[in-house]
Amino acid sequence: MCVCPGPRRIGIPVRSSSLPLFADAMPAPTQLFFPLIRNCELSRIYGTACYCHHRHLCCSSPYLAQSRLRCTPPPAYATFCRPKEGWWQHTQGRRYASTPQKFYLTPPQVNSILKANEYSFKVPEFDGKNVSSVLGFDSNQLPANAPIEDRRSAATCLQTRGMLLGVFDGHAGCACSQAVSERLFYYIAVSLLPHETLLEIENAVESGRALLPILQWHKHPNDYFSKEASKLYFNSLRTYWQELIDLNTGESTDIDVKEALINAFKRLDNDISLEAQVGDPNSFLNYLVLRVAFSGATACVAHVDGVDLHVANTGDSRAMLGVQEEDGSWSAVTLSNDHNAQNERELERLKLEHPKNEAKSVVKQDRLLGLLMPFRAFGDVKFKWSIDLQKRVIESGPDQLNDNEYTKFIPPNYYTPPYLTAEPEVTYHRLRPQDKFLVLATDGLWETMHRQDVVRIVGEYLTGMHHQQPIAVGGYKVTLGQMHGLLTERRAKMSSVFEDQNAATHLIRHAVGNNEFGTVDHERLSKMLSLPEELARMYRDDITIIVVQFNSHVVGAYQNQD
Amino acid sequence: YIRTGSVFLAQTQDRLISLKRINSRLNVIGIPSEIISPKKVAELHPLLNVHDLVGAMHVPEDAVVSSADVALALASAASQNGVQIYDRTSVLHVMVKKGQVTGVETDKGQIECQYFVNCAGQWAYELGLSNEEPVSIPLHACEHFYLLTRPLETPLQSNTPTIVDADGRIYIRNWQGGILSGGFEKNPKPIFTEGKNQLEIQNLQEDWDHFEPLLSSLLRRMPDLETLEILKLVNCPETFTPDMRCIMGESPSVRGYFVLAGMNSAGLSFGGGAGRYLAEWMVHGSPSENIWELDLKRFGALQSSRTFLRHRVMEVMPLLYDLKVPRWDFQTGRQLRTSPLYDRLDAQGARWMEKHGFERPKYFVPPDKDLLALEQSKTFYKPDWFEIVESEVKCCKEAVCVIDMSSFTKFEITSTGDQALEVLQYLFSNDLDVPVGHIVHTGMLNQGGGYENDCSVARLSKRSFFMISPTDQQVHCWAWLKKHMPEDSNLLLEDVTWKYTALNLIGPRAVDVLSELSYAPMTPDHFPSLFCKEMSVGYANGIRVMSMTHTGEPGFMLYIPIEYALHVYNEVMSVGQKYGIRNAGYYALRSLRIEKFFAFWGQDLNTLTTPLECGRESRVKLEKGMDFIGRDALLQQKQNGVYKRLTMFILDDHDTDLDLWPWWGEPIYRNGQYAGKTTSSAYSYTLERHVCLGFVHNFSEDTGEEQVVTADFINRGEYEIDIAGHRFQAKAKLYPVTSLFTHKRRKEDVELSDLHGK
């Protein structure tokens, strides 16, 4: 019997015998489309049942353990994690009682699900002196996990120029991705700040004056920040800039963005690890920092400043540039490398970093130590700390942690930690006028869609939105009538079919609803979206997408200046 | 130039009315024009589709010129007269010493000069700001598109008229055998908000998608053009101002710094005339016509925010071809200056208009009433608020109303000795040496005896005065006072506009409300008319109470330090309840004012009208024992008689419900002969008639020369007012109708409903 968490990132061999109990209850995929849609009671049946996903062959179920790691587990859910015979009987009875009639979501319902998390930001055209090379961005996410483990962030650097955008894919809970989404941009922004600004901020803190704002966040109402940890996070950040101030020798005034990104990533991961080791007198915070450290997150962050685009990637999210060729067709340029088993260089790196005798065990079944899919990540101290340290922290930690199967479990073949790093790979790209947009997305998207299709769909969508290139008569023979016909056609095209106002939503619609012909099939979309929360994860991963649009005029003008 | 004539098309009845109004005004200033039928339009232009037209206005003498040629001609004429023109030279900034222009710093060196004229068009704003003491010239550019085509197969005759299809937002004219057509679209694209910007200049490209609505409208008007080949779409930014009128005149802050800019894309047609007035202004100190409406000083620093300008011009540019109806308020750039009571009043249904950035209530919509949407409410006929204002006016007449009039410009002038009195006596025509506590209505005149400002001055103490002027006088009046005040005297001039909230308590019961709130007797014996006292109202102390209402109705103005505004307002409203108090707005005020023949500066009065010409001899004390500005001119006028006279007209055979309403600018005919134009109008709810104010001239029948106007001349005439081509009979009055002042309600008319709270 094989019970596995599907595309879940971490698999843990099961020692507990309580789980197979539910194997019988494992539904065939066809049953999914029964009337259990969003039916709380029934959907819970599948909460503990697991469906064997064809992609990853590992036998495990982290559910029991993982539910403890979730940041806000629904209280009801927590209790269901403890198997109870009576409960099972009861719900099964209910299932047969419900009418087996087919139920589909109507298009408006589908839209409201797809649009629940959509967010758009347009850089104000009247924004100070800078004409931005970024027109704006669309972002959206579709949960598969409950709660969703993906996070996204977007912010404008206020003390330096440039805009930061990032997607974060959490695993083993959302604590780490949440923390990274809140904190990483501050670390980057601070790393980019000139010495004088750092001094000014530090002096302001010291003397109790108002601080210079560093970031202007562009958040969806659902993107929350932790209030409780804010003080703790600030202190760590302050320590960081204090060190930056101390380190400054006054010689190099130019700040290298690449270096800043790398330093910020590493520093934050280090702080996450340290905070968990030190703990916090407040029991809530103490538990929080531990959850953050024991869960993990990948990050893919873009920094756009004028024509300079840097992508810092840690893990298997991806940044894809949409390039419009002269003939109007679209091609995709990948700006990040996945850090997973499909990346030869990553395999190579891991083998080099560890003794030869570990060559076979470092990556097993395409996973790090046979467990973790991404080869780089924030948090995941289980792959970073020494066994001693792990044991010490867990023992001195709160009971919740101690009871937790997952945290207690030490990866097999764990000889020469750390096995995991948060150090990003930074790609630089100088924007050209033909670079129209950048798609940042977690692997939930890239698993379901080919990059070429992603770029084509977004490209066509965006040009549909602004009716392709502006028309220029330039020397051709065009009559007023012809021109009029052309223009009315363009306008009609623009106002008609596009029900999505958001490129990311449009992309998710395709990712989830595409049939074999590459067009959105409403029936399929409806089925996919009506999967019960706990089942959705078997069919897809959390999807988070940010589509950044560039202003070709501005980019072109920059180019002409040189 | 080529005389082609022009045809203004009307697709709707409202547009036709608007054209008819313009037509009657053109005719009286000697420009031939006529309203023609669609059929006639088709005869004038072979390509026009006239099926959807209701009429048009034809101006046969209009002509087409080439802007480049005109500019060149002007330049060469100037050169012949000794003007040096420096090509490819940019002005860096203007040098100023002690508030006077001394020269210009260019990228090729300095040029000394006494006068500087900023004609930098869309860059005038930037250039103004480049000064050490910035000169605020509020204007902003928008992209403007026009289309050029290749020649038609059978080219139009060179005298084919220019077409303006305002409802279609386009103009069309003959251009080198082809067509030139552009327009003022609904969604203009503002540009150069941040000043001269290379990036934006590079991006000034054809934007066909943006032009699409205008192209559709062109092809609808001239369907035969379908096959005509495009030459190019030109994108050429034009400059617009916040009120669609150009900007000229001297800067209030720098002497010798003149401006002529912001032509709202009429630069070519107005350039010559505007240049002439500006030259007169520079040479004689003032132009020969009243151009207050174009004066730079009508704006202040408050209109110079880039954001404001950007937003406002997006509204102004389409307005060029929008239907212009009475009582239009700009929708953008609002809520900049507000009274502390704004929210309170807004919650009670206030509808707002704006003057000099200040929000003022027009009227209060009762909770049970709905008004039309903005676009539908546009009308030349009876407006939808008619009954609302009627009830407000009625309440002013019978009970008491509160109008928030905080927008008025308020200055305080104090001195250590008698300097304040001396200066004011010199500046004002009336005698200000009155006992403390008195209020004097007086004009601030110029050398020609014309009104620079019309205000009320209260003597607060022996050495300090409180001066109330119209809202838009804030910049102008300040500049005028500063210009005429000795520099080193111990005079203190302070703008206290923002310090006071002004409430106007109008109505017979205002007395009761105030006395109840102050425990002080307010009857005329204790508090005569035109008196000013500081007293307490409610808990608040130091409220300046003045027994005047700007309408001729009984009541009081309360000048309240703003922190007390809400308190006093609440007290007044709660105590006033039993007297039937309610809020009222400026429309009610206006109706009350005009029916009482109260002229208003900026509308009826201007720098070229003297007190004698509007029956205000009583406000001038020629023999007050000292000279004042304009005295000589007035003396002379007194001797020679006046050449025009402000007169009140009561429309007789006008049906308020069915006829077009008067607005302003309607021609006045005396015994069938053109005699002048109206300056303002309002419906008088008391007289149940429309009242217009306007100046009557006496043009000689033979020579057209202006002759003296006497009271007798006025009284002996038969008058008609021309509203959009229809003449209405009018009774002329030189003094207000007296019955209005002794309004008394007869006992038997009292109804139960009078007991309702209003």
Side-chain angles (χ1 to χ4, degrees), chain A residues 122-135 161 305-307 328 431 433 462-496 498 550-562, chain B residues 47 140 145 147-150 152-153 170 172 178-181 189-235 305-311 314:
Chain A
K122 272 199 166 51
V123 175
E125 50 169 334
F126 183 59
D127 188 13
K129 300 282 167 291
N130 305 319
V131 191
S132 174
S133 56
V134 175
L135 277 175
R161 297 181 313 155
D305 178 3
V307 284
L431 287 175
L462 290 178
T463 45
M465 289 292 277
H466 343 225
H467 27 190
Q468 288 126 24
Q469 292 291 296
I471 304 178
V473 177
Y476 295 102
K477 278 192 166 188
V478 188
T479 69
L480 289 177
Q482 288 167 336
M483 178 60 89
H484 185 232
L486 182 61
L487 293 175
T488 15
E489 198 178 291
R490 273 154 73 101
R491 207 165 61 139
K493 199 169 162 191
M494 190 183 74
S495 56
S496 66
F498 290 102
F550 300 116
N551 188 336
S552 307
H553 288 306
V554 175
V555 170
Y558 270 110
Q559 214 172 35
N560 293 342
Q561 276 172 16
D562 303 332
Chain B
L47 296 172
H140 195 291
F145 295 91
L147 169 76
L148 297 177
T149 69
R150 298 192 183 281
L152 286 154
E153 267 178 41
I170 50 164
I172 311 162
I179 291 288
L180 182 159
S181 173
K189 293 164 77 178
I191 191 170
F192 304 131
T193 305
E194 293 154 26
K196 207 167 186 168
N197 181 329
Q198 260 344 96
L199 209 66
E200 286 183 302
I201 292 174
Q202 274 175 24
N203 287 334
L204 270 182
Q205 285 154 356
E206 48 193 331
D207 185 342
W208 279 100
D209 293 297
H210 191 70
F211 194 70
E212 188 267 335
L214 299 182
L215 179 60
S216 301
S217 147
L218 170 66
L219 289 178
R220 181 170 135 189
R221 189 54 53 220
M222 297 189 183
D224 294 347
L225 296 187
E226 283 259 342
T227 53
L228 190 58
E229 203 183 304
I230 295 166
L231 182 65
K232 64 175 167 183
L233 184 64
V234 182
N235 181 352
S305 133
R306 287 179 206 257
T307 319
F308 168 79
L309 289 171
R310 182 180 172 92
H311 290 178
M314 288 172 74

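FYI, side chains are in, hydrogens and waters are out, and symmetry mates aren't considered; it's all heavy atoms of this structure. In this text the structure is predicted, and so the values were computed from the model without any measurement. Note on naming: letters A, B, ... go to the chains in the order of the sequence lines (proteins, then strands), and numbering restarts at 1 for each one.
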| Any residues in residues 221-229 of chain B near chain A, with a heavy-atom distance under 4.5 Å, and which are they? | Leu225(B), Glu226(B), Thr227(B), Leu228(B), Glu229(B)
| request: With sequence neighbours excluded, tell me which residues meet side chain to side chain contact (heavy atoms under 4.5 Å, CB included) with Thr479(A). | output: Gln482(A)
| remark: The reported gap from CG in Leu233(B) to CE in Met483(A) (rounded to nearest 0.5 angstrom) is 8.0 Å
| Leu487(A) and Glu212(B): which non-hydrogen atoms are nearest, and at how many Å? | CB-CG, 3.3 Å
| query | Between CZ of Phe211(B) and NE2 of His484(A), what distance do you get to the nearest 0.5 Å? | reply | 11.0 Å
| task | Go through the atoms of Ile179(B) and report whether side chain, backbone, both or neither lie under 4.5 Å from a heavy atom of chain A. | result | neither
